Amino acid sequence: MTTLATILDTKVQADLMIHPQKLAWTHKGPMDSLDHDSIRRGYQVYKQVCSACHSMKFLAFRNLVGVCYTEEETKIMAEEERVVDGPNKQGQMFLRPGKLSDYFPNPFANDAAAAAANNGAIPPDMSSIALARHGGENYIYHLLTSYCNPPAGVHLMEGQYFNPYILGGAIAMAPPIYNDMIEYDDGTPATMSQMAKDVSTFLVWAASPEHDMRKKMGLKAITMLSFLLATSYYYKRHKWTVIKSRKLVFTKRD
């Protein structure tokens, strides 16, 4: 009964949303690393667009150092933020410039404030969204670039938009990106598809900051195990050749 219910549920969901197609990401190969220029541009998209509503509470400014920004650049960005700290000697909380150890600031004080500002919907935290959503970066890219008019027969509530990649098609988030809405530091044209690709790459890194190191360690492990396999095979042949090729002769006693 449980299996039948699961199958029926899967088939019904398939009619209510489109499953994201796999795209040719440059980091998907077993030996491919993330595009760090794209990570830097993706952070710009998050900072200038997404951070108005979405938090990344598990990411600190120090995590950007050596990945897409230098330490000095990151310090300057952190100091632009005002962080609540304290209490001081008078027992009062105070605002101070941000430090590398500070986490990205939340756009809202609490979930109630977030819901009130977004038609009752709480924007999800984006720290691990690339792992939390089916399709990962493919889902994020298609979601950002696939807003359209609802088909005939689909009625949306006030403040909702149609996107075929969201379950049910109704989403409270307005189309977040459009052509040339920001200006990249490196001069890359800020088209909608480019921004979607860059922020998707940034979110992949945010969810798996060990991505490049994991593949590097995997390559080292495979190389070492291959060497050990060849050595073990030679040692096995060396030790067992005499035993497996020996001939036993039994002499009958009179």
Side-chain angles (χ1 to χ4, degrees), residues 9 13 16-17 20 39 42-64 74 77-88 91-147 150 155-178 181-182 195-196 198-209:
D9 182 64
Q13 287 186 7
L16 297 177
M17 64 181 295
I39 294 175
Y43 173 74
Q44 283 187 253
V45 177
Y46 168 76
K47 179 63 178 176
Q48 298 182 37
V49 182
C50 309
S51 64
C53 298
H54 293 274
S55 62
M56 293 193 78
K57 59 186 178 182
F58 298 113
L59 209 64
F61 288 102
R62 65 173 181 269
N63 299 129
L64 300 174
T74 310
M77 290 191 300
E79 290 172 355
E80 293 175 352
E81 303 292 341
R82 290 295 177 265
V83 179
V84 178
D85 203 350
N88 55 20
Q92 302 294 325
M93 305 300 288
F94 60 93
L95 292 176
R96 61 164 175 79
K99 301 183 293 186
L100 289 179
S101 58
D102 291 322
Y103 287 83
F104 289 0
N106 291 326
F108 302 103
N110 49 60
D111 288 347
N118 292 277
N119 296 321
I122 301 175
D125 183 84
M126 299 180 73
S127 303
S128 302
I129 200 166
L131 296 177
R133 295 294 186 269
H134 171 68
E137 59 268 44
N138 297 306
Y139 166 81
I140 297 170
Y141 178 90
H142 287 300
L143 181 71
L144 294 176
T145 57
S146 299
Y147 282 83
H155 302 283
L156 301 176
M157 299 175 60
E158 183 179 358
Q160 290 186 331
Y161 304 85
F162 182 77
N163 193 308
Y165 287 93
I166 198 76
L167 184 62
I171 184 172
M173 180 176 67
I177 57 176
Y178 51 86
M181 71 179 302
I182 67 172
M195 288 187 288
D198 291 333
V199 76
S200 298
T201 304
F202 169 71
L203 293 175
V204 169
W205 168 79
S208 303

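Just so it is clear, the values below take in all heavy atoms, side chains as well, and ignore hydrogens, waters and symmetry mates. As the structure is a prediction and not an experimental result, all values here were calculated from the model.
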Rounded to the nearest 0.5 Å, what's the gap from [atom1] on [X] to [atom2] on [Y]? Could you check?
X      : Y      : atom1 : atom2 : value
Gln44  : Ile39  : CD    : CD1   : 13.0 Å
Cys50  : Ile129 : SG    : CD1   : 9.5 Å
Tyr103 : Glu81  : OH    : CD    : 16.0 Å
Leu143 : Met173 : CG    : CE    : 5.0 Å

**Report entry** Pair Tyr147-Phe162, ring-ring contact (aromatic ring centres under 6.0 Å, His included): steps then yes or no
**Finding:** CA-CA 6 Å; Tyr147 282 83; Phe162 182 77; 9.4 Å; no
For the student: nearest non-hydrogen atoms of [X] and [Y], plus distance:
X      : Y      : result
Phe61  : Pro105 : CZ-CD, 4.1 Å
Ala196 : Ser200 : O-OG, 2.7 Å
Ala115 : Ile122 : CB-CG1, 3.9 Å
Val204 : Glu137 : CG2-CB, 3.6 Å
Cys53  : Phe108 : O-CE1, 3.5 Å
Pro176 : Val49  : O-CG1, 3.4 Å

Query raised in the report: So, Ser146 versus Asn163: side-chain donor-acceptor pair below 3.5 Å or not?
Result: no
Report task. Determine, step by step, whether Leu64 and Tyr43 satisfy the side-chain contact (heavy atoms from CB on, under 4.5 Å) criterion, reporting the C-alpha distance in whole Å, the side-chain angles of both residues, the deciding distance to 0.1 Å, and the verdict. Result -> CA-CA 9 Å; Leu64 300 174; Tyr43 173 74; 3.9 Å; yes
Is any side-chain heavy atom of [X] less than 4.5 Å from a side-chain heavy atom of [Y]?
X      : Y      : value
Pro107 : His54  : no
Asn106 : Lys57  : yes
Ile177 : Val199 : no
Arg82  : Pro97  : yes
Arg133 : Pro20  : no

**Report entry** From CA spacing to verdict: side-chain contact (heavy atoms from CB on, under 4.5 Å), Arg96, Asp102
**Finding:** CA-CA 11 Å; Arg96 61 164 175 79; Asp102 291 322; 2.9 Å; yes
Query raised in the report: Is the backbone of Tyr46 close enough, under 3.5 Å, to the side chain of Ser51 for a donor and an acceptor to pair up by distance?
Result: yes
**Report entry** Whether Asp198 side chain and Met195 backbone form a donor-acceptor pair below 3.5 Å
**Finding:** no
Query - Check against side-chain contact (heavy atoms from CB on, under 4.5 Å), Leu203 and Met126 - result: CA-CA 7 Å; Leu203 293 175; Met126 299 180 73; 3.4 Å; yes
Query raised in the report: Do Asp85 and Lys99 sit within salt-bridge range, that is, some charged N less than 4.0 Å from a carboxylate O?
Result: no
Query - Tyr178 atom OH, over 12 foreign heavy atoms within 6.0 Å - result: no
Query - Flag if over 12 foreign heavy atoms under 6.0 Å of CE, Met93 - result: yes
Report task. Please work out which of the three classes, parallel, tilted or perpendicular, describes the rings of Tyr165 and His142, given edges at 30° and 60°. Result -> parallel
Report task. Report the C-alpha separation of Trp205 and Leu59 in whole Å, then their side-chain angles, then the decisive distance to 0.1 Å, and conclude whether the side-chain contact (heavy atoms from CB on, under 4.5 Å) test is met. Result -> CA-CA 11 Å; Trp205 168 79; Leu59 209 64; 3.8 Å; yes
